[in-house]
Amino acid sequence: MSENQFIKLRKEKLAKIRALGIDPYPVESGRTHKVADLFEDRQTWVDRAESITLAGRLVAMRRQGKLGFGNLEDDSGKIQLYVSKSEIGEENYELFKLCDAGDFIEATGIPFFTNSGEYSIRCSKIRLLCKNIRPLPAVKERVENGKTIRYDEFSDIELRYRKRYLDLLLNPEHRKVFKLRSQIIREIRSYLNDRGYMEVETPILQPLYGGANARPFITHHNTLDVDLYLRIALELYLKRLIVGGFERVYEIGKNFRNEGMDRTHNPEFTMLESYEAYSDLRGMMDLVEGMIKHLAKNVIGKGEYIYQGHKVNLLGEWRRAGMAELVQEKIGVDVLGESEENLIALCKEYELELPVGAAKGKIIAVLFENFVEHTLIQPTFVCDFPKEISPLAKAKPGDPLLADRFELIIAGGEFANAFSELNDPLDQRERLEAQAALRDLGDDEANVVDEDFLEALEYGMPPMGGQGIGVDRLVMLLTENDSIKEVILFPQMKPGI
RNA sequence: GCAUCUUUAGCUCAGCUGGCAGAGCAACUGACUCUUAAUCAGUGGGUCCGGGGUUCGAAUCCCCGAAGAUGUACCA
């Protein structure tokens with residue numbers, strides 16, 4: 001039977017329902033309670049014998065002649081319906097017989113316990129709210145020793161992503177991930193709001209893109225007849241707001257990067273960035289550490305997480321160490337003390353490829369990425385980044401080679417990036433021009449010179465700390481999911497089936 | 001981008017060295033007033049991911065392509 005034949009049968013049922021004078025898609029519904037309300041004190045509900053009305057999706061049907069059972073589910077829970085012909089009447093029972101798993105219905109009745117002890121609704125009336133014409137995948141479940149065993153689970157990973165509504169409908173544990181995601185983001189907001197931060201929105205469509213090293217998406221505005229870029233970072237507009245006098249701002253929003261996709265990269269992803277005037281890198285460490293520990297404690301309620309095959313403790317002490325120090329620990333070379341020539345020779349020895357125009361700082365970063373980063377499992381603030389790969393960060397006081405910047409590494413991956421923000425307009429211009437030079441050498445991910453941003457800096461921007469956190473990856477960690485697609489409702493897929 | 005693996009009924013899957021395309025659930029028909037993976041009896045349902053090739057014969061072997069997963073590279 002082809003799918004069309006399935007649908008054909010359902011359409012025939014639709015016609016029968018209409019023939020009974022029933023509108024299968026009525027406007028009004030009259031729910032008085034949600035399912036969870038009835039589970040608060042079941043015996044009291046049963047004793048009270050009050051008639052209530054529920055609305056939700058019929059998710060299972062067990063008909064046996066003149067009696068039938070169904071399971072009704074709303075977003076608060078699931079309850080069994082007891083529908084007997086003698087109690088709801090012949091006509092209403094005809095309608096019940098035409099109902100399928102997948103339909104939305106309204107059930108009116110009184111809570112009671114069945115002979116086998118299951119808390120249910122003894123229906124006096126059912127109403128159709130929406131007739132389903134495409135059968136849902138048949139997933140059955142059984143509860144054994146308090147554990148739910150699911151049969152014929154809807155588990156095809158591609159279908160789950162492409163038809164996420166079915167995944168959410170049929171797999172409660174995936175629904176839970178997105179509930180947690182929402183709670184995490186809500187808690188991030190309240191954490192920052194409580195500390196005097198103001199949430200803002202800045203443009204997604206930008207005449208120039210900046211704030212990160214990445215290739216952008218390009219689009220076109222017809223009326224202005226100009227190309228625009230989808231933002232790759234929030235940074236440069238948030239800094240303009242600090243110039244404008246706001247002292248603590250943050251934004252949670254989508255960034256877009258026209259690059260490869262894999263387990264930890266989606267072309268559009270959610271970023272949190274915050275900026276705080278008169279703070280600095282140390283302040284950002286405290287903020288980031290405090291926030292993530294707060295989320296672990298208050299949203300998830302635990303410290304230990306299994307992520308990418310590693311056991312991570314978020315509630316322990318977080319190490320703070322310099323990049324060069326960490327590299328030295330691993331390969332035993334004092335990279336800051338070595339000459340650029342020696343470092344290049346070292347990379348050759350290790351068969352590491354260096355990008356065009358790489359100088360000492362970049363070489364140290366390459367050594368770090370190859371030998372150290374993936375070995376940092378417990379939360380570690382990697383500080384003292386080379387200045388040349390940190391064009392928006394202030395130089396470290398007393399060390400011209402280094403920038404006052406950290407990245408937070410957990411389970412071998414980056415979770416946050418922060419600086420004491422560069423506010424010297426002349427230095428900033430030089431650094432962006434150096435980036436432009438790299439661009440000319442073929443690095444198409446180097447920053448572009450944003451004159452409007454530089455002009456804003458010339459008016460004066462207070463010293464400040466800023467940080468960015470990849471929200472999707474944080475949700476991955478906190479919900480223990482190894483693929484970014486599991487925490488993005490509609491992940492990017494190639495057009496296919 | 002490269003490598004490996006996967007793709008068979010609505011869902012979950014089996015299909016051996018090439019020989020009539022299968023199961024469970026779902027659907028349909030019938031029985032059934034306390035079931036709950038309801039049960040019992042019966043019925044129908046296929047572009048075997050797409051295209052080409054080898055062969056008397058291809059879901060199965062070969063080639064090209066598509067989508068997905070994983071790894072790797074690039075990349076936050």
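Bear in mind that the values here come from a model prediction, so they are computed numbers and not experimental data. First the proteins, then the strands, lettered A, B, ... as listed; each starts at 1.
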Separation of atom NZ in Lys140(A) from atom P in C13(B), rounded to whole Å: 18 Å
Ser155(A) versus Arg150(A), side-chain donor and acceptor atoms under 3.5 Å: no
Sugar-phosphate only, base, or nothing, as touched by Glu141(A) at under 4.0 Å among non-hydrogen atoms: sugar-phosphate
Centroid-centroid distance, Phe406(A) to Phe385(A), less than 6.0 Å: no
Who pairs with G57(B) - Watson-Crick or G-U, where each distance is under 3.5 Å: none
pair Lys485(A)-Met493(A): side-chain heavy atoms closer than 4.5 Å: yes
5′-ward residue of the pair His265(A)/Gln308(A) relative to RNA chain B: Gln308(A)
N or O in side chain of Lys494(A) less than 4.0 angstrom from A67(B) OP1/OP2: yes
Whole-angstrom distance between U7(B) and G42(B), as gauged at atom C1': 33 Å
side-chain N/O Lys8(A) vs A27(B) OP1/OP2, d < 4.0 Å: no
Sugar-phosphate, base or nothing in reach of Ala101(A), heavy atoms under 4.0 Å: nothing
Quiz item: Glu118(A) side-chain donor-acceptor pair to U35(B) base, under 3.5 Å: no
Identified pairing partner of G18(B), criterion: Watson-Crick or G-U wobble below 3.5 Å: none
Distance, P atom - from U72(B) to A26(B), rounded to whole angstrom: 42 Å
Closest-nucleotide ordering on RNA chain B, the 5'-leading residue of Asp152(A) and Met261(A): Asp152(A)
Parallel, tilted or perpendicular, as decided by the 30° and 60° cut-offs, for the rings of Phe39(A) and Tyr119(A): perpendicular
Strand partner of C49(B), provided both Watson-Crick or wobble distances fall under 3.5 Å: G65(B)
Arg162(A), nearest nucleotide to its side chain (from C34(B), G68(B), G24(B)): G68(B)
Side-chain N or O of Arg62(A) closer than 4.0 Å to phosphate OP1/OP2 of C34(B): no
Length of the NZ-C1' vector between Lys362(A) and C74(B), whole Å: 11 Å
Side chain Asp156(A) and base G68(B) donor-acceptor under 3.5 Å: no
Interatomic distance where CG belongs to Leu170(A) and P belongs to U12(B) [whole Å]: 10 Å
Touch class at under 4.0 angstrom, heavy-atom based, for Glu87(A) against every strand present: nothing
Sugar-phosphate only, base, or nothing, as touched by Arg122(A) at under 4.0 Å among non-hydrogen atoms: base
Nearest-Å distance for atom pair CD/C1', residues Glu158(A) and U12(B): 16 Å
Candidates C28(B), U33(B), C13(B) - which lies nearest the side chain of Lys13(A): C28(B)
Selection from C34(B), G10(B), C32(B) that lies nearest to any side-chain heavy atom of Arg63(A): C32(B)
Shortest side-chain distance from Arg263(A), nucleotide among C34(B), U70(B), G68(B): U70(B)
Euclidean distance, atom CD of residue Gln64(A) to atom C1' of A37(B) [Å, nearest integer]: 15 Å
Value in whole Å for how far the C1' atom of C34(B) lies from CG of Asn71(A): 14 Å
Parallel, tilted or perpendicular, as decided by the 30° and 60° cut-offs, for the rings of Phe381(A) and Trp318(A): tilted
Watson-Crick or G-U counterpart of U72(B), or none if no pair lies under 3.5 Å: G1(B)
Side chain of Leu9(A) (C-beta onward), nearest among A27(B), C25(B), U12(B): A27(B)
Watson-Crick or G-U counterpart of A26(B), or none if no pair lies under 3.5 Å: none
Phosphate OP1/OP2 of A69(B) contacted by Lys485(A) side-chain N/O (<4.0 Å): yes
Test log, rule ring-ring contact (aromatic ring centres under 6.0 Å, His included), inputs Tyr275(A) and Tyr250(A): CA-CA 6 Å; Tyr275(A) 293 84; Tyr250(A) 73 95; over 10 Å; no
